Amino acid sequence: MSDVRLRFAPSPTGYLHVGGARTALFNWLLARKQGGKFILRIEDTDVARSTQESVDAILEGMTWLGLDWDEGPFFQSERFPVYLEFVEKLVAEGKAYRCYCTTEELEAKREQAMKEGRKPKYDGTCRNRAEEPAGRPSVIRFRAPETGVTAFDDLIKGRIAFANEELDDLIIQRTDGTPTYNFTVVIDDATMGVTTVIRGDDHINNTPRQILMYEALGYPVPIFAHVPMILGSDKARLSKRHGATSVMAYRDMGYLPEAMVNYLVRLGWSFGDEEIFSREELIQKFSIENVGRSAGVFNPDKLLWLNHHYIKSGDPERLAELLKPFLKERGIDPATGPSLPVVVKTLQERSRTMLEMADGAIFYYRDDFAYDEQAAAKHLVPATAPLLAALVTKLESLVDVTQAGIEAAFKESMAEQGIKLGQVGPAVRVALCGGTASPGIYEVIEALGCEETVARLKRAVAFIGKA
RNA sequence: GGUCCCAUCGUCUAGCGGUUAGGACACCGGCCUUUCACGUCGGUAACAGGGGUUCAAGUCCCCUUGGGAUCACCA
């Protein structure tokens with residue numbers, strides 16, 4: 001046990017994407033490993049862009065991944081009074097000041113500075129303004145030191161230092177009185193007692209300003225760990241055009257949460273040569289020290305492989321439950337046919353996603369499917385009709401409807417007919433499943449039951465007769 | 001452009017001064033086999049470049065090059 005406190009602080013302007021999910025996961029893992037607390041905070045100070053739908057989507061994504069939080073969710077929009085209090089405190093102490101520069105003026109100065117090759121930072125016009133013009137709109141800026149160096153020891157990147165002259169006086173309160181991100185994040189992390197901040201490395205440049213504010217406020221500076229970004233296949237920032245980026249989209253595409261968690265954690269973190277980690281193992285083995293420093297490319301193939309792995313080794317009962325919605329989408333009611341867990345067992349090895357499994361399960365629950373044309377042309381031919389008929393006879397009197405019993409019946413029938421499995425097997429497969437790719441025929445028969453199997457074989461014989 | 005970050009197979013990575021540079025995904029072969037798969041065996045494939053330091057450098061330092069992030073009254 002320890003008193004580490006970590007947090008995930010997304011802004012509700014969209015769904016939970018894989019990058020955010022990984023950041024959340026790292027925070028959650030460290031909290032769980034060290035027996036600390038994991039806080040969820042919604043950063044919705046930008047009222048215009050924040051939506052309730054996004055909040056719900058983020059919560060849903062977290063829940064799906066199994067990332068439970070100990071405190072929150074807190075909403076920054078509900079804490080405005082807290083922020084204002086701190087703003088006033090800073091102003092009273094002379095650590096922040098009112099700025100009357102208009103957006104247009106600032107814009108012009110920025111352009112001018114760029115044109116002259118200077119840094120486009122705030123020039124400090126209002127920093128030492130003597131009197132305050134009444135009736136003019138104003139913002140509040142944080143008074144940052146103009147000299148010196150602000151540095152921190154990043155748990156992932158190592159020591160990072162910034163010359164204070166590179167920083168400028170950033171706005172902490174807008175004209176409309178609302179606080180801005182770089183301020184609220186500091187106030188919240190400080191007042192919520194956050195000890196370790198794990199976040200995307202796109203925040204590195206914000207860190208020195210934030211440290212300066214912690215110091216101005218008299219709060220201890222947390223430890224930072226900036227995790228590298230996730231890239232698309234072209235090494236550009238991961239986006240929609242690389243494929244799905246929403247965590248929930250992967251659920252809908254038939255991915256298991258444990259596969260997503262396993263994939264995400266290994267993207268940037270490693271533990272020797274190990275690839276497969278259960279949730280418990282991750283909590284035990286995860287460490288920030290083993291998080292890499294460079295950005296990583298999101299590899300859908302490896303995610304798919306992991307998903308396949310977890311489907312192969314998953315509990316059929318659970319998978320059956322997860323499969324139901326996918327079957328429903330296909331208009332199939334599993335109650336009308338063979339036991340779903342039994343069906344699942346026959347499909348686990350050949351399903352990389354639950355969606356594939358659903359497609360593979362369809363034939364079990366429909367007896368009116370059309371035969372694959374090529375398969376029928378090749379295997380449902382006159383020569384096989386009597387062989388199938390012989391099997392019908394054999395199966396109709398079969399008592400031991402297990403794979404072993406079925407196999408024995410097949411062997412017997414084949415011996416009587418003087419043929420090999422290859423001469424009748426493919427036809428049975430097509431008769432039962434409609435195509436040439438399917439689980440083993442003994443498995444299928446066991447799942448289907450003798451009655452249904454016989455019906456399908458008879459249907460195939462009839463089909464041959466009509467052809 | 002300024003600042004900051006990054007750099008081992010196509011991809012994810014191991015490596016923490018001395019290795020035939022290892023594993024995984026993907027890819028290509030063999031085996032297994034009633035199909036598809038699973039499994040299994042094997043193969044192709046990497047230290048961005050240049051300087052140092054050192055008996056010894058993928059590992060430490062510097063430069064170059066190449067990526068990326070960030071410079072908002074967004075978060």
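Naming: A, B, ... by sequence-line order, numbering from 1 per chain. Bear in mind the structure is a predicted one, so any value in this text is a computation, not a measurement.
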Rounded to whole Å, the CG-P distance (A:Asp273 to B:C16) equals 12 Å
Checklist entry - Does the ring of A:Phe369 carry A:Arg459 above it, NZ/CZ under 6.0 angstrom from centre and within 45° of its axis? => result yes
Winner on side-chain proximity to A:Glu166, out of B:G2, B:A75, B:C12, is B:G2
Re B:C27: Watson-Crick or G-U wobble partner, both distances kept under 3.5 Å, found to be B:G43
Nearest-nucleotide check on RNA chain B, A:Phe271 vs A:Gly158; residue mapping nearer the 5' end is A:Gly158
Rounded to whole Å, CG of A:Asn164 lies from P of B:U3 at a distance of 15 Å
>> Determine whether a donor-acceptor pair (one donor, one acceptor, N or O, separation below 3.5 Å) exists between the side chain of A:Glu275 and the base of B:G23.
In response: yes
Contact class for A:Asn182 vs. all strands (heavy atom < 4.0 Å): base, sugar-phosphate, or nothing? base
Of all heavy-atom pairs linking A:Val461 and A:Ala385, the shortest is CG2-O, 4.0 Å
Mate of B:A37 across any strand shown (Watson-Crick or G-U wobble, both atom pairs under 3.5 Å) is none
With a 4.0 Å cut-off, would you call A:Glu412 and A:Lys394 a salt bridge?
yes
* Around A:Arg293, counting heavy atoms of other residues, nucleotides and ligands shown, do more than 12 lie under 6.0 Å from its CZ? -> no
Using the P atom as the point on both nucleotides, what is the distance between B:C62 and B:C12, in whole Å? 25 Å
Considering only heavy side-chain atoms of A:Val297, the closest of B:U11, B:U13, B:A75 is B:U11
pair_partner(B:G1), Watson-Crick or wobble, both distances < 3.5 Å, evaluates to B:C71
Partner of B:G18 under the Watson-Crick or G-U wobble criteria, both distances under 3.5 Å, comes out as B:C55
A:Tyr181 OH to B:C73 P, in whole Å, measures 16 Å
Rounded to whole Å, NZ of A:Lys302 lies from P of B:A24 at a distance of 9 Å
From CG of A:Asn262 across to C1' of B:C12 the rounded distance in Å is 12 Å
Original post:
Can you tell me if A:Asn182 and A:Thr180 form a side-chain donor-acceptor pair at under 3.5 Å?
Top reply: no
ask   = What is the nucleic acid contact for A:Thr175, judged by heavy atoms within less than 4.0 Å: base, sugar-phosphate only, or nothing?
value = base
**Report entry** Span that lies between the P atom of B:G68 and that of B:G29, in whole angstrom
**Finding:** 35 Å
Practice item. Determine the Euclidean distance between corresponding P atoms of B:A26 and B:A37; express it in Å to zero decimal places. Key: 13 Å
| Spacing of the P atoms in B:G58 and B:U53 (rounded, Å) | 16 Å
task = Could you work out the separation of B:A46 and B:U13 based on their C1' atoms and round it to a whole Å?
result = 12 Å
| said: Taking the ring of A:Phe183 and the ring of A:Phe142, is the distance between their centroids below 6.0 Å? | reply: no
In whole angstroms, the gap separating P of B:C73 from OH of A:Tyr122 amounts to 11 Å
Need one value for A:Gly435: base, sugar-phosphate or nothing, where a base atom within 4.0 Å counts as base even if backbone is also close, heavy atoms only. nothing
**Request:** Provide the distance between the two P atoms, one in B:U65 and one in B:U11, to the nearest whole Å.
**Result:** 23 Å
Per-nt protein contacts along nucleotides 64-70 of chain B (heavy atom under 4.0 Å; B base, S backbone sugar-phosphate only, - none) come out as ----SBS
Note to self: Classify the ring geometry of A:Tyr442 against A:Phe410: parallel below 30°, tilted from 30° to 60°, perpendicular beyond 60°.
What the structure shows: perpendicular
| message | Using 30° and 60° as the class boundaries, would you call the ring planes of A:Tyr250 and A:Phe298 parallel, tilted or perpendicular? | response | tilted
* **Basic-acidic side-chain contact under 4.0 Å: A:Arg49, A:Asp44** => no
Determine the contact category for A:Ser233: base if any of its heavy atoms lies under 4.0 Å from a base atom, sugar-phosphate if only primed atoms, P, OP1 or OP2 are that close, otherwise nothing. nothing
Among the nucleotides B:C5, B:A26, B:A75, whichever has the atom closest to the side chain of A:Ser11 is B:A75
Rounded to whole Å, the CZ-C1' distance (A:Arg110 to B:G1) equals 15 Å
Mate of B:G66 across any strand shown (Watson-Crick or G-U wobble, both atom pairs under 3.5 Å) is B:C6
B/S/- along nucleotides 27-48 of chain B (protein heavy atoms under 4.0 Å) is -------BBBBSS---------
Exactly one of A:Trp269, A:Tyr310, A:Phe286, A:Tyr263 clears ring pair (Phe, Tyr, Trp, His ring centres under 6.0 Å) with A:Phe277, and that residue is A:Trp269
Taking atom C1' in both B:G17 and B:U54, what distance in whole Å separates the two? 9 Å
Practice prompt. Indicate yes or no: does A:Arg127 engage A:Glu146 in a salt bridge with an N to O separation below 4.0 Å.
Written response: yes
Q) Expressed as a whole number of Å, how far does the P atom of B:C63 sit from that of B:C73? A) 34 Å
A:Glu85 atom CD, over 12 foreign heavy atoms within 6.0 Å: no
Between CD of A:Gln210 and C1' of B:C71 the distance, given in whole Å, is 15 Å
* Asked: When we call it a touch if two heavy atoms are under 4.0 Å apart, what does A:Ala161 touch: a base, just sugar-phosphate, or nothing?
  -> sugar-phosphate
_Just N and O in the side chain of A:Arg293: are any of them under 4.0 Å from OP1 or OP2 of B:A7?_
yes
